[in-house]
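I have placed the structure first, in the form of structure tokens, so that the comments after it can refer back to it.
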Amino acid sequence: AQTVTQSQPEMSVQEAETVTLSCTYDTSESDYYLFWYKQPPSRQMILVIRQEAYKQQNATENRFSVNFQKAAKSFSLKISDSQLGDAAMYFCACVGGADGLTFGKGTHLIIQP
Amino acid sequence: DTGVSQNPRHKITKRGQNVTFRCDPISEHNRLYWYRQTLGQGPEFLTYFQNEAQLEKSRLLSDRFSAERPKGSFSTLEIQRTEQGDSAMYLCASSATTPTQYFGPGTRLLVL
């Protein structure tokens with residue numbers, strides 16, 4: 001079983017600036033995966049980035065990167081050069097194996113032009 | 001690859017009626033998942049299939065909820081005797097052999 005906590009209900013950032021979204025998790029699995037998903041208003045959930053727990057190297061996808069601290073059970077998302085299209089709800093999620101994802105409550109990201 | 005599709009996209013029903021939602025996964029994805037998302041919350045896992053086998057159903061919300069995937073392709077989620085508390089977005093996702101799940105657009109249910 002997993003629990004995922006996102007302690008920032010809302011974050012705001014100026015366009016072109018960098019923002020970091022926080023996530024902590026807990027799991028009884030030894031082999032698990034962590035994800036960040038983006039959900040724009042009234043649109044579908046989109047995968048942003050994925051991290052395998054057994055990999056020490058932090059995942060990176062273009063302007064999106066994670067800071068994975070396994071011992072601290074922390075998995076934050078950094079968005080560089082924020083763009084207006086990044087405005088959305090961001091969800092952190094955890095899964096062990098083929099089971100269903102456990103999501104946090106989400107962080108609403110606002111991009112100020 | 002056309003992505004995960006869900007139908008209908010919106011459903012309005014009266015309390016006590018039965019509703020059925022359909023999900024078509026990405027072709028060749030053998031795993032299919034159902035989630036419920038209420039306003040202001042993250043999705044909540046309900047059940048999943050590997051091919052036609054339902055491998056987890058203990059988290060279905062009540063015995064009014066049931067799901068099928070008869071031929072290992074599309075899946076249906078049925079809610080019997082709907083209640084106002086069932087109003088939510090119902091999401092479907094699929095995956096291949098990795099844990100990465102890809103989501104459909106969801107079906108928004110409103111129970112009056």
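Order of the sequence lines fixes the chain letters, A, B, ..., with proteins taken first and strands second; residue numbering starts at 1 for each chain. Being a predicted model, the structure only gives us computed values, none of them experimental.
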Nearest heavy-atom approach of Arg81(B) to Asn18(B) is N-OD1, 2.8 Å

Here's a test: name every donor-acceptor pair under 3.5 Å between chain B and chain A, with the distance for each.
| from | atom 1 | to | atom 2 | distance (Å) |
| --- | --- | --- | --- | --- |
| Tyr33(B) | OH | Ala98(A) | O | 3.0 |
| Tyr35(B) | OH | Leu101(A) | N | 2.8 |
| Gln37(B) | OE1 | Gln39(A) | NE2 | 3.0 |
| Gln37(B) | NE2 | Gln39(A) | OE1 | 3.0 |
| Arg59(B) | NH2 | Asp99(A) | OD1 | 3.3 |
| Arg59(B) | NH2 | Asp99(A) | OD2 | 2.9 |
| Thr100(B) | OG1 | Arg50(A) | NH1 | 2.4 |
| Gln101(B) | O | Tyr37(A) | OH | 2.6 |
| Gln101(B) | NE2 | Asp99(A) | O | 3.4 |
| Phe103(B) | O | Gln44(A) | NE2 | 2.8 |

Indicate the atoms forming the closest heavy-atom contact of Phe91(A) with Gly104(A), along with that distance.
CD2-O, 3.4 Å

Restricting to pairs with a member in residues 60-113 of chain A, which pass disulfide (SG to SG under 2.5 Å), not counting sequence neighbours?
Cys23(A)-Cys92(A)

How far does CD1 of Ile110(A) sit from CG of Leu84(A), to the nearest 0.5 angstrom?
12.5 Å

If you take all heavy atoms of Phe103(A) and Val4(A), which pair is closest and at what distance?
C-CB, 3.9 Å

Answer with side chain, backbone, both or neither: which region of Leu91(B) has an atom nearer than 4.5 Å to a non-hydrogen atom of chain A?
side chain

Heavy-atom pair with the smallest gap, counting every atom of Leu77(B) and Ala67(B):
CD1-CB, 4.1 Å

Minimum heavy-atom separation for Leu101(A) and Phe45(B), please, with both atom names.
O-CB, 3.8 Å

So for Leu47(A), is it side chain, backbone, both, or neither that comes closer than 4.5 Å to the heavy atoms of chain B?
side chain

